[in-house]
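To keep things clear, I will list the structure first and then write my remarks on it.
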Amino acid sequence: MAQDGIVINGTVINVEAVKCLLINHDRKPVIGIKPKGRAIVPLKLCFTFAEDQTEGIRQLEIWARERQVKVSKGYFMRWM
C-alpha cells in the first residue's frame, strides 16, 4: 500500500481507479481490487498476504477508510 495507490505484483493501481476492495473470508482470505468501470474483479488484481493475514487486512481496511474506498466482505466473482 502506498499513499496514492496499491502495488500488486509490481503494478501500481492508483486510488482514483479503484471502485472498491472485496474481501472473501474463506479458509485463506482473498482480497480483490475492483477497478472502476468493471463488473468483475480481474484475476491479476486478486491477492493474499504472505504473512499475517489478519494484520494485513486490518491495515488495508484502514488505508481504504482514509481514502474513502469502499470495502465489502463476502464472496466475489473473479475473471481470468
Side-chain angles (χ1 to χ4, degrees):
M1 294 171 280
Q3 183 64 25
D4 58 346
I6 297 176
V7 180
I8 181 168
N9 297 324
T11 304
V12 178
I13 295 95
N14 290 326
V15 70
E16 295 85 21
V18 176
K19 181 176 183 178
C20 66
L21 298 176
L22 303 157
I23 302 171
N24 181 359
H25 281 290
D26 206 359
R27 279 184 273 155
K28 186 169 185 177
V30 176
I31 295 99
I33 301 170
K34 184 188 284 188
K36 289 182 180 174
R38 290 304 232 1
I40 298 175
V41 176
L43 195 57
K44 68 180 182 178
L45 296 182
C46 294
F47 65 96
T48 60
F49 288 102
E51 297 178 12
D52 200 3
Q53 287 276 9
T54 305
E55 179 61 21
I57 290 171
R58 189 180 73 75
Q59 291 294 323
L60 185 64
E61 288 174 330
I62 292 168
W63 179 89
R65 189 176 337 114
E66 290 173 352
R67 287 154 186 83
Q68 291 82 40
V69 174
K70 181 181 173 187
V71 176
S72 295
K73 296 180 180 180
Y75 175 78
F76 64 88
M77 298 275 300
R78 293 165 267 203
W79 187 259
M80 295 172 72

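Computed from heavy atoms alone, side chains included, the values below leave out hydrogens, waters and symmetry copies. What you see is a predicted model, and the numbers here were worked out from it, not measured in a lab.
- Under the side-chain hydrogen bond (donor to acceptor under 3.5 Å, both in side chains) criterion, Glu55 pairs with Arg58, Gln59, sequence neighbours left out.
- Taking Val71 as the reference, Leu21, Ile23, Glu61, Ala64 meet the side chain to side chain contact (heavy atoms under 4.5 Å, CB included) condition, with sequence neighbours excluded.
- Within the structure, every pair that satisfies the ring-ring contact (aromatic ring centres under 6.0 Å, His included) test and touches residues 30-53, not counting sequence neighbours, is listed here: Phe47-Phe49.
- Using a 4.5 Å cut-off on side-chain heavy atoms (C-beta onward), Ile31 and Leu60 make contact.
- Note that SG of Cys20 and CZ of Arg38 are 13.0 Å apart. Values are rounded to the nearest 0.5 Å.
- When all heavy atoms of Phe76 and Val30 are compared, the pair lying nearest together is CE2-O, 3.6 Å.
- Inter-residue side-chain proximity for Pro35 and Ile13 is flagged as unmet; no heavy-atom pair is nearer than 4.5 Å.
- For Glu66, there are no salt bridge (Lys or Arg N to Asp or Glu O under 4.0 Å) partners, not counting sequence neighbours.
- Take Arg67 and apply the side chain to side chain contact (heavy atoms under 4.5 Å, CB included) test, not counting sequence neighbours, and it matches Gln3, Val15, Trp63, Val69.
- Listed for the Lys70 side chain is no donor-acceptor partner under 3.5 Å among the backbone atoms of Lys19.
- Expressed to the nearest 0.5 Å, how far CG of Leu22 lies from SG of Cys46 amounts to 8.5 Å.
- The nearest pair of heavy atoms linking Leu45 to Val41 is O-CG1, 4.1 Å.
- Residues meeting the side chain to side chain contact (heavy atoms under 4.5 Å, CB included) test with Lys28, sequence neighbours left out: Thr48, Gln53.
- From Lys44, atom NZ reaches atom CD1 of Ile33 across 11.0 Å, with rounding to the nearest 0.5 Å.
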